[in-house]
Amino acid sequence: MCFRYMIGATVLLGLVLFAQAAPTSLWDIDDARSAVKLEILVDKAGGFTEIEYHIDPATVPAAVRAAMDKLHPGGPFTAAERERNDGVLYFELSREVGGFEVEAMFTPEGKLHSEEVTVAADSVAPEVRAALAKALPQGKVTAWEEIRDSQRALVEYHVKVDHGGRHWKVMMSTAGAITGSVRVAPAAIEGPTPLPR
């Protein structure tokens, strides 16, 4: 099991303490200081496997904003992230389309990498819903997400579930096999840092 920590902006300036613990390919202290929120995926050994910096959508490269407008035209962007996967820099933009959240991840040049599309439960294959209900019979699903690759083909589902007073993200194959899970937990990090000017 992995833990995904959600860290709010009020504690971001104390993240200096983590700079030495995280691999330099994942960590950018300047991005951490300017982010609105962070998501840090930690493995069983306590290592950082992924850091997502939530940023102002206006700071995302113009090519990425244009690509999102072409792919999913609509209203304003609701969120943005900057992250590295396997050493490659990506930007993610979110917006509401047809009443559902759509997140699309792009290279800085605007090439699509993947999408997370929130969908209605009845659009998810029955075997996927049944497998989740069997694995977490007391769980309450709060969101079903289709994960699509760069060709927009469905490759898996991510399911957000409240269970036992905790929040989980369950990864599932399109056939209904559970391929992984993470528990989402709030966290606060404090440490010395200069005051803003």
Side-chain angles (χ1 to χ4, degrees), residues 4-9 12 25-41 48-126 128-129 132 141-161 167 169-176 179-180 182 184:
R4 180 174 294 276
Y5 295 98
M6 307 285 282
I7 302 166
L12 282 180
S25 63
L26 293 177
W27 188 258
D28 186 314
I29 193 66
D30 292 330
D31 282 346
R33 287 182 177 136
S34 64
V36 176
K37 180 175 75 172
L38 293 178
E39 288 184 50
I40 302 173
L41 186 62
F48 291 46
T49 61
E50 182 180 302
I51 301 174
E52 298 175 1
Y53 304 93
H54 291 242
I55 59 176
D56 183 338
T59 65
V60 170
V64 174
R65 293 192 311 269
M68 182 66 161
D69 283 337
K70 184 176 179 181
L71 191 64
H72 296 288
F77 299 121
T78 56
E81 297 174 18
R82 180 183 186 276
E83 63 185 88
R84 288 191 184 273
N85 288 343
D86 298 323
V88 179
L89 175 64
Y90 294 102
F91 290 90
E92 186 173 274
L93 278 172
S94 301
R95 80 173 7 138
E96 189 175 304
V97 177
F100 293 100
E101 182 180 36
V102 173
E103 298 176 17
M105 183 182 291
F106 301 91
T107 65
E109 300 77 31
K111 182 179 177 188
L112 180 66
H113 175 269
S114 60
E115 295 177 287
E116 295 179 18
V117 181
T118 304
V119 296
D122 61 2
S123 71
V124 176
V128 174
R129 294 193 318 260
L132 182 71
V141 174
T142 60
W144 292 94
E145 295 175 337
E146 292 181 345
I147 308 303
R148 298 185 170 272
D149 66 13
S150 62
Q151 302 304 307
R152 304 184 77 190
L154 178 63
V155 293
E156 70 178 342
Y157 292 96
H158 289 179
V159 190
K160 295 179 180 174
V161 181
H167 306 288
K169 181 165 72 172
V170 180
M171 286 71 81
M172 302 184 72
S173 74
T174 58
T179 59
V182 295
V184 179

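Just so it is clear, the values below take in all heavy atoms, side chains as well, and ignore hydrogens, waters and symmetry mates.
Of the charged side-chain nitrogens involved, at least one lies within less than 4.0 Å of a carboxylate oxygen, so that Glu146 and Arg148 count as a salt-bridged pair.
When all heavy atoms of Leu132 and Trp144 are compared, the pair lying nearest together is CD2-CH2, 3.8 Å. Considering every non-hydrogen atom in both Met105 and Asn85, the closest pair reads SD-ND2, 3.8 Å. Residues Ser150 and Leu112 come closest through the heavy atom pair CB-O, 3.3 Å. Between Ala104 and Met68, the shortest heavy-atom contact is CB-SD, 3.7 Å. Residue Ala80 comes nearest to Val60 through the heavy atom pair CB-CG2, 3.6 Å, listed as atom of the first residue, atom of the second, then distance. Smallest separation of non-hydrogen atoms from Phe91 and Pro108: CE1-CG, 4.0 Å.
Note that the CZ atom of Phe77 and the NE2 atom of His72 stand 11.0 Å from one another [nearest 0.5 Å]. One finds the OG1 atom of Thr59 at 8.5 Å from the CZ atom of Arg65 (value rounded to the nearest 0.5 Å). Expressed to the nearest 0.5 Å, how far NE2 of His158 lies from OG1 of Thr118 amounts to 11.5 Å. Interatomic distance, Glu81 CD to His54 NE2, rounded to the nearest 0.5 Å: 4.0 Å. Distance CE/Met172 to OH/Tyr157: 9.5 Å, rounded to 0.5 Å. Rounding to the nearest 0.5 angstrom, the gap separating the CD atom in Glu116 from the CD atom in Glu145 is 5.0 Å.
In this structure the side chain of Thr107 never reaches within 4.5 angstrom of the side chain of His113, judged on heavy atoms. Here the side chains of Arg152 and Glu115 are in contact, with some heavy-atom distance below 4.5 Å. Put simply, the side chain of Thr142 does not reach to within 4.5 Å of the side chain of His167, judged on heavy atoms.
Thr179 places a side-chain N or O within 3.5 Å of a backbone atom of Met171 that can act as its donor or acceptor partner. Between the side chain of Ser94 and the backbone N or O of Thr78, no donor-acceptor pair lies under 3.5 Å. Here the side chain of Arg129 pairs a donor or acceptor atom with the backbone of Ala121 at under 3.5 angstrom.
Not counting sequence neighbours, the partners of Arg95 by the side-chain hydrogen bond (donor to acceptor under 3.5 Å, both in side chains) test are Asp69.
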